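Each remark here refers to the structure printed beneath this line.
Treat the numbers as computed from the prediction; the structure is a model and nothing was measured.
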Amino acid sequence: MAENGPIERLAEIVSDKVLTKFKWKQVGPCNQDFKCLKQNEHKPATKKQEHTHPVDVVFSYKDPYTNKTVLLNTDLKSYAIGSISKELVQGSLNSLARTIDCASNSQEWLDKYRVCVGDYEIRGMLFVYNHDNKFDKDFYEYFYPERQKAAGSRKRSPIKLESFDLAQGHQLHIVEPNLIKYMMAITADMHEMISEGKFPREDYGFYYPQLTLHKVLTSEEYLPATIELISAAYMLIKHGAVEQYDKQVGELKEVYSSGYVIYYNRNGGTDQEFLYLLDTLARYQLLNASTRIRIRVAHSSPSGSLRSNFNRAIQKFAHEWGFDESATRILENIQLHICPVTKEFYSSEDIGWGVENV
């Protein structure tokens, strides 16, 4: 971990509270080191003792398109805005690249974390939590500084991806502060729907279409979210009906029907965004009278014209495809909800006192 004591617990708490809703599992022990297998290549020149690699936590899920268990060797970082820098990100990613290089061939690592049966893949994940909730810029400016380069400002040097010691075939993923905010907004929204009796606690999973080049290789009904899906513009969740026990009749009764929830991570600034989304739903054959669809925008800065753009997209889509009145009504029955911006604050002082139920 980058910081000691209560600060290091912040990222652990957030990852545990958030990632379980995406049906990820933690495997093996936390906060461990394992022996480096490439001392000459990985060991810093100034280091005297034997070099080791850190494992903060390992998360796992089954990828539906490869049917492999993905093992994410995760580096948890918790920083205030002033501590997040290009140098920190570059150093963390390079260290993570070396870690998974050794992990892939380390029997010590495999004995602790490969608890799955069947094929698996080890990847690295950098999880950067901003514990003061003040990080509001584009994280990827560190890689592509020209994105936000102001006129007349000095050109900043980017993080060079080719400088990492990343072995061929290995992958690194980044869960940065803005993506964490999106994930936290989804988690909070799920909890709210569950409390309202409009979403099941367990009977839900993430939807993956059968593609031309990629087929879903599992028959499981409720699937986990892959890191690629979480990072995408939207994700579809298939959920079962919500049932509650009726004491008067002594049986379970359905209080909310099954359907699909779409979490959307764009600001909805144009109707073209929603036209593309509607076209996608049509290709997945989800636009029918029997399917309940709810679109829930979880972007941190939704457009003030979002709802108008959505309604305009419905009318354009219906016109372009020549929908009659009943078919258009199916589109109009799609519910649109803008999720409140979730900026949960986890206090390092509270955690230092053992107050973690926040």
Side-chain angles (χ1 to χ4, degrees), residues 18-27 58-74 100 104 113-125 169-175 179 182-183 186-187 189-190 193-194 199-242 256-266 273-296 298 330 334:
V18 173
L19 294 177
T20 53
K21 277 297 180 187
F22 296 92
K23 297 189 177 286
W24 289 18
K25 298 177 182 177
Q26 180 192 323
V27 295
V58 174
F59 294 105
S60 75
Y61 60 81
K62 181 71 73 71
D63 188 303
Y65 288 127
T66 65
N67 206 27
K68 291 182 180 179
T69 298
V70 176
L71 299 169
L72 290 166
N73 188 111
T74 304
I100 63 168
S104 298
Y113 300 106
R114 190 189 61 183
V115 298
C116 60
V117 176
D119 293 338
Y120 66 93
E121 180 181 357
I122 300 172
R123 303 182 190 175
M125 185 173 80
H170 288 176
Q171 296 185 51
L172 298 181
H173 300 284
I174 301 174
V175 178
L179 185 58
Y182 170 59
M183 296 166 71
I186 291 174
T187 301
D189 188 61
M190 282 184 175
M193 289 194 294
I194 290 170
F199 192 80
R201 292 183 179 275
E202 301 293 338
D203 294 341
Y204 71 90
F206 296 83
Y207 178 81
Y208 299 88
Q210 296 286 6
L211 304 175
T212 302
L213 299 178
H214 300 282
K215 303 297 182 185
V216 176
L217 302 178
T218 176
S219 60
E220 292 182 28
E221 185 174 10
Y222 299 126
L223 300 170
T226 64
I227 184 63
E228 292 85 358
L229 183 64
I230 293 172
S231 305
Y234 59 87
M235 64 177 81
L236 277 74
I237 299 177
K238 176 185 179 182
H239 68 85
V242 179
Y256 202 85
S257 61
S258 61
Y260 292 83
V261 170
I262 302 166
Y263 281 108
Y264 192 66
N265 193 23
R266 294 294 182 266
E273 293 181 39
F274 294 113
L275 279 169
Y276 177 80
L277 183 58
L278 291 172
D279 186 61
T280 299
L281 296 177
R283 284 189 285 109
Y284 295 168
Q285 298 183 345
L286 298 179
L287 295 180
N288 56 71
S290 62
T291 303
R292 180 194 290 269
I293 296 176
R294 292 177 282 174
I295 298 175
R296 305 181 73 86
I330 292 173
I334 296 174

Which heavy atom in S60 sits nearest to a heavy atom in V27, and how many Å separate them?
OG-CG1, 3.6 Å
Distance col, row Q26:CD vs T20:OG1, nearest 0.5 angstrom, shows 10.5 Å
Which pair of heavy atoms, one from L179 and one from S231, lies closest together, and at what distance?
CD2-OG, 3.9 Å
Rounded to the nearest 0.5 Å, how far apart are CG of L172 and CD1 of I227?
12.0 Å
Spatial distance of atom CE (M125) from atom CZ (F59) [nearest 0.5 Å]
5.5 Å
Would you tell me whether N73 and Y113 have side-chain atoms, one donor and one acceptor, within less than 3.5 Å of each other?
no
Any sub-3.5 Å donor-acceptor pair from T291's side-chain atoms to L287's backbone N or O?
no
Flag side-chain contact, heavy atom, 4.5 Å: I334 against L278
yes
Aromatic contact, Y263 with Y182 (centres under 6.0 Å):
no
Taking all non-hydrogen atoms of both residues, which atom of I330 and which atom of A289 are closest, and how far apart?
CD1-N, 3.6 Å
Side chains of H173 and L72: does their closest heavy-atom pair fall under 4.5 Å?
yes
Indicate the atoms forming the closest heavy-atom contact of R114 with L71, along with that distance.
CA-CD1, 4.3 Å
For residues 201-208, which side-chain donor-acceptor pairs fall under 3.5 Å, sequence neighbours excluded?
{"from": "Y204", "atom 1": "OH", "to": "K21", "atom 2": "O", "distance (Å)": "2.7"}
{"from": "Y208", "atom 1": "OH", "to": "P224", "atom 2": "O", "distance (Å)": "2.5"}
{"from": "Y208", "atom 1": "OH", "to": "T226", "atom 2": "N", "distance (Å)": "2.9"}

CZ (R296) and CG (D189) are apart, to the nearest 0.5 Å, by 4.0 Å
Side chain to side chain contact (heavy atoms under 4.5 Å, CB included) partner of I262, chosen from I237, T280, L281:
L281
Drop me the distance from K215's NZ to Y65's OH, to the nearest 0.5 angstrom.
9.5 Å
Dump the intermediate steps for side-chain contact (heavy atoms from CB on, under 4.5 Å) on R294 and F199, then the final yes or no.
CA-CA 11 Å; R294 292 177 282 174; F199 192 80; 4.1 Å; yes
For the residue pair H239 and M190, establish whether any side-chain heavy-atom pair is separated by less than 4.5 Å.
no
Do D63 and E121 make a side-chain contact, defined as non-hydrogen atoms from C-beta onward lying under 4.5 Å apart?
no
Give a yes or no on this: more than 12 heavy atoms of other residues, nucleotides or ligands lie within 6.0 Å of atom CD of Q285.
no
Considering the options L229, I293, V261, L286, which one meets the side chain to side chain contact (heavy atoms under 4.5 Å, CB included) requirement together with L236?
L286
What distance do K238 atom NZ and S258 atom OG have between them, rounded to the nearest 0.5 Å?
8.5 Å
Residues P64 and L223: closest non-hydrogen pair is CB-CD1, 3.9 Å
Can you find a pair of side-chain heavy atoms, one from M235 and one from I230, that are under 4.5 Å apart?
yes
Any heavy-atom pair between the side chains of M193 and Y256 that's under 4.5 Å?
no
Take atom OH in Y234; do more than 12 heavy atoms of anything else shown fall under 6.0 Å from it?
yes
